[in-house]
Structures are given as C-alpha cells and as structure tokens.
A.B. asks: 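Dropping the structure in here first, questions after.
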Protein chains: 2
Amino acid sequence: MREPSETRILSVASEHLRQHGLRRFTVVAVAEEAGMTHANVYRYFPSRAALVDAVVDVWLKATERRLADIADGPDPADDKLERLILALARANRDLLAEEPHLFAALSQAVAKRHAISRRNRTRVRALFERVIDEGIASGAFEPRDRDRAIAFVIDATHRFIHPAALELEADVPQASVDARLSTLIRVALRVLGTGIV
Amino acid sequence: MREPSETRILSVASEHLRQHGLRRFTVVAVAEEAGMTHANVYRYFPSRAALVDAVVDVWLKATERRLADIADGPDPADDKLERLILALARANRDLLAEEPHLFAALSQAVAKRHAISRRNRTRVRALFERVIDEGIASGAFEPRDRDRAIAFVIDATHRFIHPAALELEADVPQASVDARLSTLIRVALRVLGTGIV
DNA sequence: GCAATGACAATCTTCAAAATTTGTAATTTG
DNA sequence: CAAATTACAAATTTTGAAGATTGTCATTGC
C-alpha cells in the first residue's frame, strides 16, 4: 500500500534538506522524487518555507516528546530538571554534529523567529516551569521568586542550549563542554534548593 | 597641523564602517576621503580586512581599558566582579543599539575568530581571573575549584555578553534584560562566596 | 469531489561580461 | 629617504539577460 502524499512529501523533503541543505532544497526536486508535479505539493504545504518548517518541526516535536517524557516521569523534580537540561543540550548538540544541514535550518528558524520555533520555545519553557513548580511544591526547590528562578535557569543554561551558542563551540572537545555543563547544572540545582534566587 | 596619515586613515575608516557597514566599506573610498590614493593606504594597513579589524580593535581596546580600570580599583573583589560583568554587558549592548554596523563587524570578527577578537577574549578573561583570584585571596570567594568557578561565571553570563547572544535579544525591553542580568550576577556572587562551585 | 496536472506570471537564481576593488611594485615627489 | 603616486594584474562585485523555481488557478481524471 502506497504512502499517503502528505507524509511522503514530508519524508522526501526531510531527506533533501538533510542531504543538500536549505540553499539547494527545491520544491520541484522534492516533488519529482515524490513522484508528482510540484503544483501538487502546494495542495499540502502552502509554500516552500512552510515545507522546510514542517521538516524542522518534525524534529522539534520528537525532541519535545522526549523532554515531556522526562518532565512527566515519577522522579524527584531536581533529577528531572537536570535530565531536562541535559537532554535538550544534547539533542541540539547532536543535531549539529550529525545533521548539520537540518541544524542550520533550525538555527535560521530560531534566528528569524518562525512560528514553529516560537511555539517550541513556549512549550519547552512550560516543561521547565512545570518541573520547577513541582520542585517548589515538593519542597525540593525554595526560590524566593519563582519567575526569577525560572529566568535564571534559562539564562544560565543558554550557552549550552541555544543553536547560535552551540555553533560557537562546535570545535571544543565534547568532554570539556560536558564538564562545564555539568558544573552549571549542579550549581543551578543548589541555587534553586537553597533560596539563593 | 595635519593629522598623520595612519591615524587619519583609521578615523576615516571608522566613520565609513559606522555609516555604511562592512559590505559597502571600500579601501578606495576611505583613501579618497582621507585625501590620498588607495595604494598609499597599503603602506599603513596590509589589507582591507586588517583595516576593518583595526577599527574594531580601537573599540575593543577602549572597552578593555574601562574594564581594566574596574579590575585595578581598590574596591572589594565581589563589587569589582559585578561591575566588570555589567560594564562588559552594557558596552556590547550599547554598541548594538548605537552603532549597529560596528557591532556587526565585531560580531563577525568574533564568529570568524579573528586574531583581534581572540586576543581581546584572552585579555578580558585574564581580568575576570584576576578579580576572582583576588576574591579568593581576600576570602570573599571560596570556590571548591578555581578553574571551574571561572568557567561557571563566564558560561552563566554568556547570554548577556556574547555578541551572538545579544543580537537575539535586541528587541527585548532593556529593563527586563537588566533585571535578569542583575539576578544572574547576584546569584553568581553568592555561588562564589559560599563554595557551591 | 478529491488528487493531481498543465499552463502561466512573478520571483529568484545562475552565468558571463563589464566594472570595480584589492593588492603589488616600480616610479615620482618633496 | 619617507610619503605618495601611477600603473597594472588578480580577485571580487555588479549588471543584465537567460533560465529555473515559486506560487496560482483552471482543468483533467478517477
């Protein structure tokens, strides 16, 4: 049985973006490889930009699901916050290493504030808020100001999470980045736990 | 009395870069406005890139001097570290707001790891190290691991200092950025003071 | 009536020639 | 002799025409 057109276009587009990059990604080529004329692609995606965003969004949503699994788990909030930060940092860093073209498309979507990236950011932030609130409810975290505490965690970890920041460290040995990130996480957890923020 | 050629070229180049940006900055135009042929510019600067870097370097060095004044002051180390971070963050943020073309040139020099930016980074980092070491010597800071503590401060403040990170927040109200930065600084000082890092 | 196509205008990219700019070196000027 | 210029090759940018891609829509086919 034949794959429905929409998913088929999306998977061909994903391959094309990964292999050839944004610059050489064309609706005509995707359509041809999906066995249809380019006009038909526009039945499913309103524009080339929307198709690219859809490809990036598949990755973002998959990453979000893994983060939500962590946030929904039964573990203590401080454990979950640590794993949340680590998982997000690693997901982005691994994408940079393994799928540079897809990473570049994500990076652009973030830089140009596309809807997909703004919405992803909102949802990921909500996961962080949930876990921190859970930690406050359980007494694991005792920040003096909840909103400030959340902003602190996001600002302090920015360097290890944001695509623009990760690009700068692409050539730093992974072990060294890992060590610094683990220091930062340890500090952030202590800061949340001891009412410093 | 007529300004010597080298400084004259440099000041005309600075004006051109600020007004027209990197893209439209040409050695020919700078030379003409400085009242000479372009070949003569090459007596003083080995290439267009070197001239651009020299302009950026003037700004970097001026900023460094202000930071060094803070680091050399008689105040307690924790005060000085706070002022160091604030001064560096504000210098870069003000440059983005007031001289976007010069900021863009700096941003590129950093992204492409030009010698001027690598050396600036090394010297600014040395100032941070000096102040933190001073704080350790005076007992104001008691980190468990000096190098980790320094890395922590630099990583945590990255978002408010690095050009690539500042570009992302150009449209966030200054007051909100200031509030977050001041939280981050307060936390970092407490962290250094209480052996958390 | 839903999926797909062919035909088309508008936009964007490519390519090659022309123009400009970068960079070098021999020569001039004060 | 130090500062600057003229003259020139190499590299880069601009320009404009040809070609390709994007996006729309009326029409076809099942």
Side-chain angles (χ1 to χ4, degrees), chain A residues 1-58 101-102 104-105 107-109 111-112 114-116, chain B residues 1-58 101-102 104-105 107-109 111-112 114-116:
Chain A
M1 166 205 167
R2 194 186 148 91
E3 205 180 356
S5 291
E6 184 168 349
T7 59
R8 177 197 188 67
I9 293 167
L10 197 52
S11 66
V12 170
S14 182
E15 257 327 284
H16 267 246
L17 186 57
R18 282 164 207 257
Q19 290 187 355
H20 310 301
L22 249 187
R23 242 188 84 82
R24 306 206 294 154
F25 175 98
T26 69
V27 178
V28 168
V30 169
E32 181 172 15
E33 190 160 325
M36 57 186 74
T37 54
H38 78 277
N40 198 41
V41 170
Y42 288 92
R43 287 187 63 74
Y44 302 97
F45 299 92
S47 66
R48 183 192 111 115
L51 180 52
V52 171
D53 278 357
V55 171
V56 173
D57 206 35
V58 168
H101 284 142
L102 187 51
S107 196
Q108 275 225 11
K112 298 193 168 166
H114 291 193
I116 50 152
Chain B
M1 165 201 169
R2 197 185 145 93
E3 207 179 356
S5 291
E6 184 167 349
T7 57
R8 179 197 187 66
I9 293 166
L10 197 53
S11 67
V12 170
S14 183
E15 258 326 284
H16 267 248
L17 187 58
R18 282 164 207 256
Q19 291 187 356
H20 311 300
L22 248 188
R23 241 188 86 83
R24 306 205 296 154
F25 174 98
T26 70
V27 178
V28 168
V30 169
E32 181 172 16
E33 190 160 323
M36 58 185 73
T37 54
H38 79 278
N40 199 43
V41 169
Y42 287 92
R43 288 186 62 75
Y44 302 96
F45 298 93
S47 67
R48 182 192 111 114
L51 181 52
V52 170
D53 278 357
V55 170
V56 174
D57 206 35
V58 167
H101 285 142
L102 187 50
S107 197
Q108 276 226 9
K112 298 192 170 166
H114 291 194
I116 51 152

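Letters A, B, ... mirror the listed sequences (proteins, then strands); counts begin at 1.
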A.B. asks: Hey, does B:Val28 reach any base, or is it just sugar-phosphate, or nothing, if we go heavy atoms under 4.0 Å?
C.D. replies: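 Base contact - B:Val28 has a heavy atom under 4.0 Å of at least one base atom.
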
A.B. asks: Could you check how far CE of A:Met36 sits from P of D:dT22, rounded to whole Å?
C.D. replies: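 About 15 Å, once rounded to whole Å.
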
A.B. asks: Could you check whether atom CD of A:Glu32 has more than 12 heavy atoms from other residues, nucleotides or ligands sitting under 6.0 Å from it?
C.D. replies: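 Incorrect, the count does not exceed 12.
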
A.B. asks: Could you tell me how far apart A:Tyr42 (OH) and D:dT21 (P) are, to the nearest whole angstrom?
C.D. replies: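 These atoms are roughly 11 Å apart.
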
A.B. asks: Within the 4.0 Å heavy-atom criterion, would you say A:Thr26 contacts the bases, only the backbone, or no part of the nucleic acid?
C.D. replies: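 If one applies the 4.0 Å heavy-atom cut-off, A:Thr26 turns out to touch the sugar-phosphate alone, with no base involved.
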
A.B. asks: CG/B:Asp57 to CG/B:Leu51 distance, rounded to the nearest 0.5 angstrom?
C.D. replies: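 One finds 12.0 Å between CG of B:Asp57 and CG of B:Leu51.
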
A.B. asks: How long is the gap from CG on B:Asp53 to CD on B:Gln108, to the nearest 0.5 Å?
C.D. replies: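 Atom-to-atom, B:Asp53:CG and B:Gln108:CD are 10.0 Å apart.
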
A.B. asks: Taking atom P of C:dT13 as reference, at what distance in whole Å does atom CZ of A:Phe25 sit?
C.D. replies: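 Rounded to whole Å, this separation is 14 Å.
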
A.B. asks: Check step by step if side-chain contact (heavy atoms from CB on, under 4.5 Å) holds for B:Arg48 and B:Val28.
C.D. replies: CA-CA 10 Å; B:Arg48 182 192 111 114; B:Val28 168; over 6 Å; no

A.B. asks: Give a yes/no answer on whether the side chain of B:Ser5 brings an N or O atom under 4.0 Å of OP1 or OP2 in D:dA4.
C.D. replies: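 Yes, such a contact exists.
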
A.B. asks: So if I apply the side chain to side chain contact (heavy atoms under 4.5 Å, CB included) rule between A:His38 and each of A:Val30, A:Thr26, A:Val27, which one comes out positive?
C.D. replies: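 Looking at A:Val30, A:Thr26, A:Val27, the match for A:His38 under the side chain to side chain contact (heavy atoms under 4.5 Å, CB included) is A:Val27.
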
A.B. asks: Give the rounded distance in Å between these two atoms: NE2 of A:His16 and P of D:dT21.
C.D. replies: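 From A:His16 NE2 to D:dT21 P: 12 Å.
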
A.B. asks: Would you kindly give the NE2-to-P distance between B:His38 and D:dC8, to the nearest whole Å?
C.D. replies: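 Atom-to-atom, B:His38 to D:dC8, this comes out as 14 Å.
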
A.B. asks: Is there side-chain contact between A:His16 and A:Val52, with at least one heavy-atom pair below 4.5 Å?
C.D. replies: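 When only atoms from C-beta onward are counted, A:Val52 and A:His16 do not touch, as no gap falls below 4.5 Å.
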
A.B. asks: Report all interatomic pairs (protein N or O, nucleotide N or O of nucleotides 12-14 of chain D) with separations under 3.5 Å.
C.D. replies:
{"residue": "D:dT14", "atom": "OP2", "partner": "B:Arg23", "partner atom": "NH2", "Å": "3.4"}

A.B. asks: To the closest 0.5 Å, what do you measure between CG (A:Leu10) and OH (A:Tyr44)?
C.D. replies: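 Interatomic distance, A:Leu10 CG to A:Tyr44 OH, rounded to 0.5 Å: 13.0 Å.
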
A.B. asks: What distance separates A:Glu15 CD from A:Ser11 OG, expressed to the nearest 0.5 Å?
C.D. replies: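 Between A:Glu15 CD and A:Ser11 OG, I get 8.0 Å after rounding to 0.5 Å.
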
A.B. asks: Rounding to a whole Å, what distance do you find between B:Arg24:CZ and C:dT22:P?
C.D. replies: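 Between P of C:dT22 and CZ of B:Arg24: 14 Å.
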
A.B. asks: What's the spacing between B:Ile9 CD1 and B:Asn40 CG if we round to 0.5 Å?
C.D. replies: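 B:Ile9 atom CD1 to B:Asn40 atom CG measures 6.0 Å (nearest 0.5 Å).
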
A.B. asks: Expected output is a numbered-order residue list: members of residues 43-55 of chain A with a heavy atom under 4.0 Å from any atom of DNA chain D. What is it?
C.D. replies: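 DNA chain D contact set from residues 43-55 of chain A: A:Ser47, A:Arg48.
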
A.B. asks: Please report the distance, rounded to the nearest Å, between CG in A:Asn40 and P in D:dT27.
C.D. replies: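 Checked: the CG to P distance equals 18 Å.
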
